[in-house]
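Beneath this line is the structure, given in structure tokens, with notes to follow.
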Amino acid sequence: MASVSTSSCSPFLLLVLCFSLSFQSTHQSHHVISIDSLFPKCSSSKGTKKLIQSPSTVEIHHKHDPCSQPTSSSSEATKSTQQLIQQLLDEDQSRVNKIQSTLSKKKQDPLVIKKATVPVQSGRSLGTGNYVVRVGFGTPKSDLLLVFDTGSDFTWIQCQPCAKSCYDQQDPIFNPSNSKSYTNVTCTSQLCGPKLRSATSATPGCASSTCVYGIQYGDQSFSVGFFGSETITLGQDVFPNFFFGCGQNNQGLFGKSAGLLGLGRNSLSFVSQTAAKYGSVFSYCLPGSSSSTGTLKFGSSPYPPAVKFTPMLSRPDGPSFYFLDLIGISVGGYKLGISGSVFATGGTIIDSGTVITRLPPAAYEALRGAFKKAMAKYPLGKPLSILDTCYDFTGYSTVTIPKIGLFFSPGIEVGVDPSGVLVAASISQVCLAFAANGNPSDVGIYGNKQQVKLDVIYDVGNSKIGFGPGSCS
Ligand SMILES: *[C@@H]1O[C@H](CO)[C@@H](O)[C@H](O)[C@H]1NC(C)=O
């Protein structure tokens, strides 16, 4: 795959997720990081890595890989790092707005799909995760790169003939008529009703007796197409009759992926459909830089003793989301004095698709205050999109940053990797990678930037989420 083999580094995709902050030395409460590590490096050796260890393990890569070849869009190529990070952060906010409006509304958006034809708009908003994995579809199987997303349920891929629109993807577009195992779900099927509706938040439609799904992510990201079933392959594991969307009209910022793998909690999610085999357990380790590879594993394996668990919570107004109980934050080894009600008001979800962790305003203010104090010797820089605490590191070769930890009930502390503390647009604009919610009652989101290099275990059957030192770099 293109994201693995490389020898040259394209300068245009120096995105938030690409930084490999390696720390040179540690102190109990601080990390010393080199400024060079704030900017991505492309290693040419990584193409030789083979990281599939077991049948149910797949590799994870960044969707935006600065080391892969340029995208076809020449406008992307001319954007500065600063503009690209600004864009990524703006897109992150669109996703967060969508999640928060879902949770604050009692009723679902009535996006009614009548046919596989929804107006084509130029999508700008992001509704996707930032990490991709390979999944095989069909018989014979085609390996497709999918964005994986714990914040949504429905799995879909772009399908020929792309009756309305398909965006540019890396793999050949899947053709169901070349697969012996593809079948359309009919409109009269039991699945083509409330079940599909709850997985997509949209009323299913019907076209020539085939069930039609529609799913919308941010303002203008969507996929519409036929609801089908197919044999899918994950490593050595084969799942016949997997229900998914065969997209005929797809738009939005899904990178060059072929579609999306929905890892939410709904009965149609990948996790639920493979529950008989994997027991509703999956885990991932998100790589800290685009030159390394993470893993997404399904099924339980003995947990290393260092893994600490917190209860996985549910809420009827957000049945797809993985809620957990964030109860505190530490900076530089000291727990901040934040009242528990600050976190309890809006609750917190963990999401693989949101980049920057969102905190209740009062919690963010406490974090920012302590961080600024620890960083007092560095000159401030200009704010960047949703990030208001930035530094100008011009002239420094290393900087000392405080350790940040998140506390979850019943009191476990999960450290944020040094690469999850800062986002760099340029040496003169390096920002604290956390943001405040607009409203105290908005849901908090534990974003992927702060989850890098951790093993995150979703044990859905036992309603617990575990965190351990990561098995990836
Ligand atoms: C699925 O249904 C659509 C719409 O009715 C049709 O165009 C397509 O050929 C069907 N595909 C298969 C494999 O039956």
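Excluded from the calculations below are hydrogen atoms, water molecules and symmetry mates; all remaining heavy atoms, backbone and side chain alike, are included. Atoms within each ligand, like the ligands themselves, are counted from 1 in listed order.
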Next on the checklist: Against the six-membered ring of Phe309, is Lys464 placed for a cation-pi contact (under 6.0 Å from the centre, within 45° of the normal)?
Outcome noted: yes
Item to check | Side chain proximity check, Lys277 to Phe239, heavy atoms < 4.5 angstrom | outcome: yes
Checklist outcome for this item: shortest atom 5 (O) of ligand 1-to-protein heavy-atom contact is with Thr210 OG1, 3.1 Å
Item to check | Distance SG-SG for Cys211, Cys187 less than 2.5 Å | outcome: no
Checklist entry - Is there less than 2.5 Å between the SG of Cys206 and that of Cys192? => result no
Next on the checklist: Quick test: of every protein heavy atom, which one is nearest to atom 13 (C) of ligand 1, and how far off is it to 0.1 Å?
Outcome noted: Tyr182 CD2, 3.7 Å
Next on the checklist: List ligand 1 atoms under 4.0 Å from Ser208, heavy atoms only on the residue side.
Outcome noted: 5 (O)
Checklist outcome for this item: atom 8 (C) of ligand 1 sits nearest the protein heavy atom Asn184 ND2, 3.7 Å
Checklist outcome for this item: Closest heavy-atom pair, Thr357 versus Gly447, reported as atoms and distance to 0.1 Å, is OG1-N, 2.9 Å
Next on the checklist: Need the ligand 1 atom indices (1-based, order shown) with element for anything under 4.0 Å from a heavy-atom of Phe226.
Outcome noted: 3 (C), 4 (C)
Checklist entry - Any non-hydrogen atom of Ala207 lying under 4.0 Å from ligand 1? => result yes
